[in-house]
Engineer: 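Just dropping this structure here.
In what follows, chains are A, B, ... by sequence order, proteins preceding strands, each numbered from 1.
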Amino acid sequence: MYRNHILYLLEKYQTLVLVGETGSGKSTQIPQYLLEAGWGNKGFVIGITQPRRVAAVTVAQRIAEERGSILGQEIGYAIRFENFTNAESTRIKFMTDGYLVQELMRDPLLLKYSVIVLDEAHERSLYTDISMGLLKKIQRKRADLRIVIASATLDAEKFQQFFNQNETDDSSLDTATILSVEGRSYPVDIMYTSSPVPNYLDATVNAVQKIHETLPAGDVLAFLTGQDEVEKALRRLIDYARDQSGSGMKLMVLPMYSNLPAQDQMKVFQRMGKNTRKVVLATNIAETSITINGICYVIDCGFHKLRAFSADSGIDGVVVAPVSQASATQRAGRAGRLRSGKAFRLYTETEYNKLPQASVPEMQRSDLGTAILQLKCLGIDNVLRFNFPSAPSAKTMIRGLDLLYALGAIDDFGKLTEPLGIRMADFPLEPKLARMILVSGQYGCTDEAITIAAMLQVKNIFHSPPNRKLAANKAKRKFAVKEGDHITLLNVYDAFISNNKSSRWCQEHYLNYKGLMRSLTIREQLERLLKKFKLPLKSSEGDVDSILRCIVEGFYGNAARYHPSGCYRTIRDNNELHIHPTSVLYSTKVQPWVVFHEILRSGKDYMRDMTVIDPKWLYELAPHYYQYGTEREIAAKRLKVDHSEPT
DNA sequence: GAGCACTGC
């Protein structure tokens with residue numbers, strides 16, 4: 001395929017932007033071309049990054065198989081917790097883009113590598129963008145390092161300009177170039193509605209029925225925005241399928257979203273009998289993360305859920321937003337992998353033309369605390385001037401810097417503190433939790449701190465099947481304590497260990513066994529980090545106050561106070577907050593002061609994972625953050641803010 | 001009485 005062309009351009013240019021549809025085979029072919037052309041000689045390694053762990057593993061597996069080699073030798077992969085590479089023999093190394101950033105801490109100029117391929121760059125994941133900024137810097141010092149950016153069409157020129165070091169008008173001096181490779185997919189007919197659709201859920205259900213009644217055999221993939229919508233549409237289409245039974249072709253309707261248990265997810269990959277049409281109702285998980293073979297018809301509602309971060313309130317949330325043209329193209333393409341297909345867009349062509357070309361990169365809609373910490377650790381002192389492919393707003397950057405300063409990770413000059421800041425960057429956790437763990441030695445509760453941090457990484461520890469909610473709630477109350485969710489999670493973990501990590505015990509107590517096993521692994525990793533920093537593993541032996549104070553050390557910025565209006569308000573910004581119904585504090589008597597782990601935005605702003613605190617701790621532990629010394633003064637400040645706001 | 005797409009160290 002474009003073998004010689006690619007190799008020629010890589011000799012001539014430092015950076016090659018390779019444009020081609022996903023699934024065109026380039027992920028597996030290009031690394032092998034590079035290897036055969038000698039880019040893996042003299043001990044050099046060819047590195048390929050992927051935004052997702054599974055992709056890194058499966059592509060590595062596929063190539064190893066093609067070449068008849070054992071995975072972990074010539075072909076290897078490295079992702080968090082798993083390193084299947086061999087220091088001497090590995091020539092092609094797959095990794096996640098996050099892993100590459102981590103690798104840079106050990107090998108700042110990537111001297112081991114001759115080529116780095118950033119695959120799926122058009123997705124613009126947070127770490128792909130960071131990698132691009134860092135690689136550009138490295139290239140100035142290492143003219144021999146080659147970079148391949150593999151992307152879908154839209155961003156190609158932007159990437160080429162970003163990496164091009166030629167500042168003259170003479171294009172023969174360019175250091176970056178673009179090459180388009182053709183995909184192997186089949187044409188897809190795009191259909192639009194003739195007028196705007198009032199309700200895309202109804203329209204999706206109707207479209208499935210119409211396809212089933214009027215179009216030839218072929219499976220259907222419909223994109224909706226969330227679990228809720230998928231389940232709603234599912235119920236209606238199952239009813240429809242039942243009414244249809246007996247008349248011609250059967251209909252098999254299946255849901256697909258990330259929260260769905262693995263065995264149910266697997267069902268969408270099963271092949272149906274000849275007389276059955278499969279309909280998959282999916283979230284955007286089916287846009288990039290998974291590929292279902294045999295889809296001939298795609299229905300695109302025109303919306304998806306996206307992470308959104310507000311630099312003003314510091315609240316991270318998810319919002320429903322119109323898709324971009326790039327997403328719409330990607331969705332439609334899912335119909336043309338087997339033979340030519342049809343994509344039904346539930347919006348007009350005029351509406352399509354008004355859509356943004358591409359979604360805003362993740363970099364520009366995330367909290368950047370962790371990312372800034374990592375950049376500082378890599379020697380980027382002035383992150384505000386760092387060359388990102390799409391720079392985040394100054395406000396977001398300052399918010400991130402503020403947080404790191406408050407947590408003691410950086411000093412007055414923006415320099416990483418020693419040892420706290422440097423150690424925080426080493427933790428695979430958000431900065432608040434990293435600080436909580438690193439100071440836990442002073443509270444004699446390192447043991448409890450890493451357990452709590454590990455438990456907070458896993459969502460849905462408590463299982464609540466819709467038909468047995470009452471029993472599940474009762475089971476949960478057995479672990480619940482008045483101090484709140486953090487100590488409750490600690491109890492659950494301890495009980496899990498003293499019951500020999502029994503899956504049966506979990507089932508009886510409505511606990512998520514897999515989730516608990518995962519927090520066990522994460523906890524082991526954190527324990528290793530404690531050892532690395534020579535912090536002894538020590539339990540507070542039932543002294544709960546020490547643990548609570550330790551939590552406040554990391555989370556004083558997330559403090560809230562009960563407000564007479566019947567909800568909570570953050571101390572710092574006076575934002576309205578509510579208790580999430582999954583909190584153990586939801587059904588107990590009102591506690592005036594709390595800290596929370598995170599805010600969940602869905603209609604209202606909910607605090608998830610809360611702990612009751614003594615307000616004195618706030619100014620004892622964080623006088624620099626709460627400038628007003630006494631509780632009375634904090635209250636006075638709060639009142640002042642209240643008066644200035646019409647409510 | 002809620003339910004968030006996805007990903008990563």
Side-chain angles (χ1 to χ4, degrees), chain A residues 49-56 78-83 95-106 120 123-131 223-232 256-260 282-290 301 303-308 315-321 323 327 330-331 359 361-363 365-367 369-371 373-375 377-378 424-431 433-434 453 457 459-460 462 464-466 469-470 473 521-522 525-526 528-529 578-583 585-587 598-608:
Chain A
T49 72
Q50 294 285 339
R52 280 168 294 279
R53 292 160 58 95
V54 266
I79 57 177
R80 183 185 171 193
F81 298 134
E82 289 172 50
N83 189 344
M95 63 200 122
T96 52
D97 44 23
Y99 193 95
L100 180 72
V101 174
Q102 208 70 11
E103 183 100 325
L104 277 159
M105 305 220 178
R106 293 182 290 265
E120 314 282 0
E123 285 185 29
R124 305 298 302 275
S125 85
L126 185 66
Y127 283 105
T128 308
D129 270 27
I130 292 177
S131 298
F223 286 99
L224 291 164
T225 71
Q227 175 179 339
D228 220 39
E229 285 174 12
V230 166
E231 292 291 345
K232 261 188 207 149
M256 181 74 205
Y257 46 84
S258 75
N259 256 341
L260 198 70
T283 62
N284 47 3
I285 190 173
E287 198 177 302
T288 48
S289 305
I290 61 148
C301 75
F303 291 89
H304 58 177
K305 273 185 181 162
L306 276 181
R307 166 187 275 167
I315 293 170
D316 221 353
V318 200
V319 292
V320 175
V323 294
S327 284
Q330 175 82 7
R331 287 179 171 190
S359 297
E362 193 183 8
M363 184 95 237
R365 42 185 176 85
S366 312
D367 178 11
T370 312
L373 192 61
Q374 283 170 324
L375 285 174
C377 206
L378 288 167
M424 277 170 73
D426 227 347
F427 269 88
L429 295 173
E430 54 176 303
L433 283 174
Q457 302 310 299
K459 307 290 169 212
N460 317 322
F462 297 99
S464 179
K469 265 194 175 154
L470 225 65
N473 251 330
T521 323
I522 295 170
Q525 157 105 348
L526 298 176
R528 281 198 291 279
L529 280 163
H578 300 264
I579 306 182
H580 196 274
T582 55
S583 170
L585 296 181
Y586 189 84
S587 46
E598 60 183 1
I599 296 172
L600 225 132
R601 173 167 280 185
S602 51
K604 290 181 193 167
D605 288 340
Y606 293 96
M607 295 175 278
R608 190 149 70 175

Engineer: In whole angstroms, how far is the P atom of B/dG1 from the OH atom of A/Y606?
Structural biologist: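 Interatomic distance, OH of A/Y606 to P of B/dG1: 10 Å.
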Engineer: Identify, with sequence neighbours excluded, every residue that meets salt bridge (charged side-chain N to carboxylate O under 4.0 Å, His left out) alongside A/E598.
Structural biologist: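 A/E598 satisfies salt bridge (charged side-chain N to carboxylate O under 4.0 Å, His left out) with A/K459, A/R608 once adjacent residues are dropped.
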Engineer: Using 0.5 Å steps for rounding, measure from the CD1 atom of A/I285 to the CD atom of A/Q227.
Structural biologist: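 A/I285 atom CD1 to A/Q227 atom CD measures 11.5 Å (nearest 0.5 Å).
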Engineer: Quick check: on DNA chain B, is the nucleotide nearest A/E430 upstream (toward 5') of the one nearest A/L600, or the reverse? Name the residue that is more 5'.
Structural biologist: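 Whichever sits nearer the 5' end wins; that is A/L600.
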Engineer: Please identify each residue that fulfils ring pair (Phe, Tyr, Trp, His ring centres under 6.0 Å) with A/H580, with sequence neighbours left out.
Structural biologist: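 Partners of A/H580 by the ring pair (Phe, Tyr, Trp, His ring centres under 6.0 Å) criterion, ordered by chain and then number, come out as A/Y606.
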Engineer: Would you mind reading off the distance between A/I130 atom CD1 and B/dT7 atom P, rounded to a whole angstrom?
Structural biologist: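 These atoms are roughly 18 Å apart.
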Engineer: Once you round it to whole Å, what is the distance between C1' of B/dT7 and CD of A/Q50?
Structural biologist: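 For the pair A/Q50 CD and B/dT7 C1', the rounded distance is 13 Å.
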Engineer: Could you check how far CG of A/D228 sits from P of B/dC4, rounded to whole Å?
Structural biologist: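 A/D228 atom CG is separated from B/dC4 atom P by 7 Å.
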Engineer: Does the side chain of A/T96 get closer than 4.0 angstrom to OP1 or OP2 of B/dC9 through an N or O atom?
Structural biologist: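 True: A/T96 side-chain N/O within range (under 4.0 Å) of B/dC9 OP1/OP2.
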Engineer: Can you see if the side chain of A/Q374 gets near the phosphate of B/dC9 - specifically, an N or O under 4.0 Å from OP1 or OP2?
Structural biologist: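 Negative; the distance criterion is not met.
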Engineer: Quick one: do the A/E120 and A/T128 side chains pair a donor with an acceptor below 3.5 Å?
Structural biologist: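 Per modelled atom types, A/E120 and A/T128 side chains form no pair under 3.5 Å.
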Engineer: From CG of A/D605 over to C1' of B/dA2, roughly how many Å is that when rounded to an integer?
Structural biologist: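 Going from A/D605 (CG) to B/dA2 (C1'), I get 14 Å.
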